[in-house]
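Only one structure is covered here, and it is reproduced in the block below.
In what follows, every chain begins at residue 1, and chains take the letters A, B, ... in the order their sequences are listed.
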Amino acid sequence: MAEIIVSRLDLPKEVVSKIGIAGPGFINFWLAEEQLSAVLPVILRAGSSYGRSSVGKGQPVNVEFVSANPTGPLHVGHGRQAAIGDAIAALLQWTGWKVTREFYYNDAGAQITNLGLSVQARIQQLRGRDAAIPEGGYHGDYVRDIAEQYLARHPEDPEGKDAPAVRRFAVQALREEQDHDLRAFGVKFDVYFLESSLYTSGKVEQTVKRLDDAGHTYEKEGASWLRTTDFGDDKDRVMRKSAGKGGEYTYFVPDVAYHWTKWERGFRRAINVQGADHHSTVTRVRVGLQALEVGIPQGYPEYVLHQIVTVMKGGEEVKISKRAGSYVTVRDLVDQVGQDAMRYFLLMRKADSHFVFDLDLATKQSEENPVYYVQYAHTRMAGILRTAGTTAGAVTADGVDLSLLTEADEQELMKHLAEFPTLVERAAENLEPHRVIAYLDDLARLANGWYHRHRVIGVGEAIEKARLVLVRAVQIVLANGLNLIGVTAPERM
RNA sequence: GCGCCGGUAGCUCAGUUGGAUAGAGCGUUGGCCUCCGGAGCCAAAGGUCGUGGGUUCGAAUCCCGCUCGGCGCACCA
C-alpha cells in the first residue's frame with residue numbers, strides 16, 4: 001500500500017529531498033534543508049508580530065476573570081485566575097479577536113451585608129465594647145484596618161451606626177486594594193461591571209419579567225421558581241426567596257441578567273474563567289439564558305474552570321479561606337517571588353490540574369525558577385548580538401546564505417521556530433496558555449544546547465552572518481512567547 | 001447517591017487532538033569554565049502511563065466498568 005502511494009507521488013525535489021517507507025502506516029518525507037531556513041526571513045520581517053494571525057476576524061469576545069467579591073484581598077486562587085485569564089485574552093488577541101477583559105464585582109447581596117456587619121463589630125471592639133463578628137462574617141485583619149480607617153475618615157459617625165455608609169466604605173476600600181494588587185501583577189481590565197448596576201438599571205426586573213413572559217416560572221411555598229428542569233437542569237431553581245427568608249432574589253437572577261447584558265452588548269462569544277469550586281453555576285447560568293428565549297445558544301458562555309491552588313509552606317498546607325481570614329494573598333506572592341516568576345508558575349500547569357504552589361521553593365530558591373531558564377536564553381541571544389557588534393534591529397537576512405545552517409540541531413531549531421504560529425493558534429483555540437510555556441521551555445533548551453555546541457562569532461563571515469540571523473530569530477520568538485504570557489524578556493539579567 | 005476534574009519517573013507536571021524508542025524541571029550520580037554570559041551544557045540512573053476490559057494496523061490519548069484523591073450538588077454567593 002505504502003509503496004503504491006509513494007510510486008504515485010510526484011513532489012518537487014527542491015521541497016522534498018527523500019521519501020521512505022518505515023513500518024506500518026508510516027511514510028517518511030525528508031524536507032530539503034533550504035525549506036526550513038526559509039522561515040528565518042519571515043520571522044525577522046514580522047518581528048514582534050511573528051505568531052499573530054487573523055483567524056478571529058476581528059470578532060468581539062468577552063473574557064471575564066478574577067471577578068472576586070469585594071469582601072477581602074485577592075488570594076492565590078485569584079492569582080491563578082488572573083494569570084490564566086489574561087493569557088487567554090492575549091492569545092485571542094494574537095489570533096485576531098477583539099478582546100474585552102472584564103471583571104464582575106458582586107457588590108450586592110448577603111455577603112456584602114456580612115462584610116458591613118463585620119466592620120461594624122470591629123468598630124465596636126475598637127471602642128472597647130464587646131461585639132462578635134456575625135455568623136458568615138469576615139475575621140481577617142483587614143476588617144480591623146477598614147474599621148480604623150472608617151473612624152478616621154468619618155468623625156460624624158464614631159459609633160459606626162450608619163450601616164450603609166460603613167458598607168460603602170468597606171467595599172470601596174477593598175476594591176481599591178484589589179485593583180492595586182492586580183496592577184502589581186500587571187493585569188488590566190477594560191470593563192469593571194458592578195452587580196449593583198443590574199438592580200439600578202432595572203436589568204434584574206427585566207430579566208424576571210422576561211422569564212415570566214416566556215412561561216418558565218411558577219410560585220411555590222411563597223417563593224418564585226424557574227423551571228430550569230425544562231432545559232436539562234437536575235432541579236428547579238429559586239429566583240425570589242419566600243418572605244420568611246427575606247424575599248430577595250437569589251444570586252442566580254443577577255447572574256443571568258449579567259450574562260444577558262454580555263449578549264446584548266454584542267459579545268457573541270463570552271469566556272468565563274472561574275475556580276472549579278463554582279462549577280455548579282455553569283449549568284445554571286446557561287440554562288437561565290436558555291429560558292430567556294432570546295436566541296442565546298446553548299453553550300453560551302464558555303467556561304475555563306481551574307482547579308484549586310494549594311499553597312505549601314514549611315511542608316504544610318496553608319489553608320485558603322477568605323472567611324477564615326488566613327490565606328496567602330496575591331500581594332504576598334508578587335512581593336516575594338516577583339511578577340515574572342509568579343505568572344510563569346501559575347501558567348505552567350493546565351487549568352484542569354491541581355496546582356501546588358511551594359512557597360518555600362518559590363521564594364528561597366527563586367534563582368532556580370524555570371522562568372529564568374527561558375529568560376536567560378533570551379538574554380544570551382541578546383548577548384551574542386552585542387558581542388558581534390550589532391543590534392537586534394540591524395540584523396537582516398538579506399543577502400545572507402542561510403543554506404549554511406546545516407547542523408542537525410540548527411535544523412531542529414528552525415523547525416521549532418516555524419511551529420510557533422501554529423502553537424499560538426492551537427493554544428488560543430483550546431484556551432490553554434500552558435502550551436506556550438511548554439513551547440518556550442523546549443525552544444530555550446534547543447537554543448541553549450545549540451549555543452554550547454557551536455560558535456557564532458569567529459567561524460567565518462558567511463556562517464557567522466547566517467547564525468546571527470538564527471540568533472535574532474530565536475530571540476524574537478522567545479520574546480514574543482514571553483510577552484504573550486505577560487512575562488518580560490530582558491536584554492540583560 | 002448524582003455530577004465535574006484529576007491519577008504519567010522519588011517530587012511537581014508536560015505529552016502538539018490516535019502514531020514510531022512516553023518527555024521536562026527539581027532531586028540523585030558522574031563529567032564540562034584558556035571558549036559569543038556557567039541563571040548554562042553533556043551523560044547516567046529512575047516508568048506495569050491507577051486498574052480491568054473494549055475499539056483500532058496502532059491507545060497515556062477514544063468508549064465502558066472498578067478504584068483512589070479533589071471539588072460541587074441551598075429559599076449561600
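Put simply, CZ on A/Arg386 is 11 Å from C1' on B/C36, counting in whole angstrom units. Remark: P of B/C36 and CD of A/Gln475 are 19 Å apart, rounded to the nearest angstrom. Distance CG (A/Asn448) to C1' (B/C42): 13 Å, rounded to an integer number of Å. At whole-Å resolution of the value, CG in A/Asp441 and C1' in B/C26 are 12 Å apart. Rounding to whole angstrom units, CG of residue A/Leu446 and P of B/A24 are separated by 12 Å. In this structure, A/His306 places its NE2 atom 15 Å from C1' of B/G6, rounding to the nearest Å. Rounded to whole Å, atom P of B/C41 lies 13 Å from atom CG of A/Asp409.
For B/G3, its base sits under 3.5 Å from the side chain of A/His279 at one donor and acceptor pair at least.
Residue-nucleotide stacking is not present for A/Tyr251 and B/A77, judged by a side-chain ring centre under 5.5 Å from the six-membered base ring centre and planes under 30° apart.
Comparing B/G40, B/A74, B/G25 by their nearest atom to the side chain of A/Arg237 picks out B/A74. Closest to the A/Tyr372 side chain, of the nucleotides B/A39, B/C76, B/G25, is B/A39. Listed nucleotides B/C36, B/C75, B/A24 differ in distance to A/Tyr451; the shortest reach to its side chain belongs to B/C36. Here the side chain of A/Gln307 is nearest to one of B/C36, B/C75, B/G70, namely B/G70. Residue A/Ala223 places its side chain closer to B/C75 than to any other of B/C75, B/A77, B/G38. The side chain of A/Asp234 lies closest to B/C73 when the candidates are B/G37, B/A39, B/C73. Listed candidates were B/C36, B/C75, B/G37. Nearest to the side chain of A/Val456 is B/C36. The listed nucleotides are B/A39, B/A24, B/C41; the one nearest the side chain of A/Tyr376 is B/A39. Comparing B/G25, B/C73, B/C4 by their closest approach to the side chain of A/Pro370 singles out B/G25. Distance from the side chain of A/Asp277 is smallest for B/G72 among the nucleotides B/G72, B/A24, B/C75.
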Give me, pair by pair, the N or O atoms of the protein and of nucleotides 32-35 of chain B that are less than 3.5 Å apart, along with how far apart they are.
residue : atom : partner  : partner atom : Å
B/C35   : O2'  : A/Arg455 : NH1          : 2.1

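Comparing the P positions of B/U61 and B/U55 gives a spacing of 15 Å, expressed to the nearest Å. Distance check on atom P: B/C41 versus B/A20 gives 26 Å, rounded to whole Å. Across the C1' atoms, B/A22 and B/G47 are found 9 Å apart, a figure rounded to whole Å. Straight-line distance between the P atoms of B/G23 and B/G15: roughly 15 Å, to the nearest whole Å. Between B/G50 and B/A59, the distance separating the two P atoms is 15 Å to the nearest Å. Here the separation of B/G30 from B/G70, taken at their C1' atoms, is 40 Å to the nearest Å. Rounded to the nearest Å, the gap between the P atom of B/G18 and that of B/C63 is 11 Å. Rounded to a whole angstrom, the distance from the P atom of B/U48 to that of B/U8 is 12 Å.
A/Gly109 comes within 4.0 angstrom of no nucleic acid atom, judged by non-hydrogen atoms across all strands. Residue-level contact check: A/Arg284 touches the bases, meaning some heavy atom is under 4.0 Å from a base atom. The residue A/His454 sits close to a base: some heavy atom pair falls under 4.0 Å. At the heavy-atom level, A/Gln375 lies nowhere under 4.0 Å from the strands shown.
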**Message:** At under 4.0 Å between heavy atoms, how does the protein contact nucleotides 10-17 of chain B? Give one character per nucleotide, 5' to 3', with B, S or -.
**Reply:** --BSSSSB
Distance-only check: which donor-acceptor pairs under 3.5 Å involve side-chain atoms of residues 225-232 of chain A, not counting sequence neighbours?
residue  : atom : partner  : partner atom : Å
A/Trp225 : NE1  : A/Lys220 : O            : 3.2
A/Thr228 : OG1  : A/Asp233 : OD2          : 3.1
A/Thr228 : OG1  : A/Lys235 : O            : 2.8
A/Thr229 : OG1  : A/Asp236 : OD1          : 2.7

Under 3.5 Å, which donor-acceptor pairs do the side chains of residues 433-441 of chain A form with other protein atoms, sequence neighbours left out?
residue  : atom : partner  : partner atom : Å
A/Arg435 : NE   : A/Glu432 : OE1          : 2.8
A/Arg435 : NH2  : A/Glu432 : OE1          : 2.9
A/Tyr439 : OH   : A/His416 : O            : 2.7
A/Asp441 : OD2  : A/Arg445 : NH1          : 3.3
A/Asp441 : OD2  : A/Arg445 : NH2          : 3.1

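Applying the side chain to side chain contact (heavy atoms under 4.5 Å, CB included) rule to A/Val55 yields the partners A/Ser53, A/Thr95, A/Glu425; only residues at least two apart in sequence or on another chain are considered.
Listed for the A/Gln307 side chain is no donor-acceptor partner under 3.5 Å among the backbone atoms of A/Ser353. In this structure, A/Gln111 contributes its side chain and A/Pro70 its backbone to no donor-acceptor pair below 3.5 Å. A donor-acceptor contact shorter than 3.5 Å is absent between the side chain of A/Glu177 and the backbone of A/Ala173.
Aromatic ring pairs are classed by plane angle as parallel below 30°, tilted from 30° to 60° and perpendicular above 60°; the pair A/Phe355 and A/Phe357 is perpendicular. Note on ring orientation: taking the six-membered ring where Trp is involved, the planes of A/Tyr104 and A/Tyr258 are parallel (angle under 30°, cut-offs 30° and 60°).
Syn is the glycosidic conformation of B/U17, whose angle stays within 90° of 0. B/C33 takes the syn form, because its glycosidic angle lies no more than 90° either side of 0.
With a cut-off of 3.5 Å on both Watson-Crick or G-U wobble distances, the partner of B/C41 is given as B/G31. Figure legend. B/G3 is base-paired to B/C71; pairs are counted as Watson-Crick or G-U wobble with both atom distances under 3.5 Å. Pairing for B/U16 is absent, judged as Watson-Crick or G-U wobble with the two contacts each under 3.5 Å. When Watson-Crick and G-U wobble pairs are counted only if both distances are under 3.5 Å, B/C66 pairs with B/G50.
Within residues 481-493 of chain A, the residues having any heavy atom under 4.0 Å from RNA chain B are, by residue number, A/Arg492, A/Met493.
Looking at A/Pro490 and A/Tyr376, their side chains never come closer than 4.5 Å, going by heavy atoms from C-beta outward.
Position along RNA chain B of the nearest nucleotide to A/Thr250 versus A/Ile384 favours A/Ile384 as the more 5'-ward residue.
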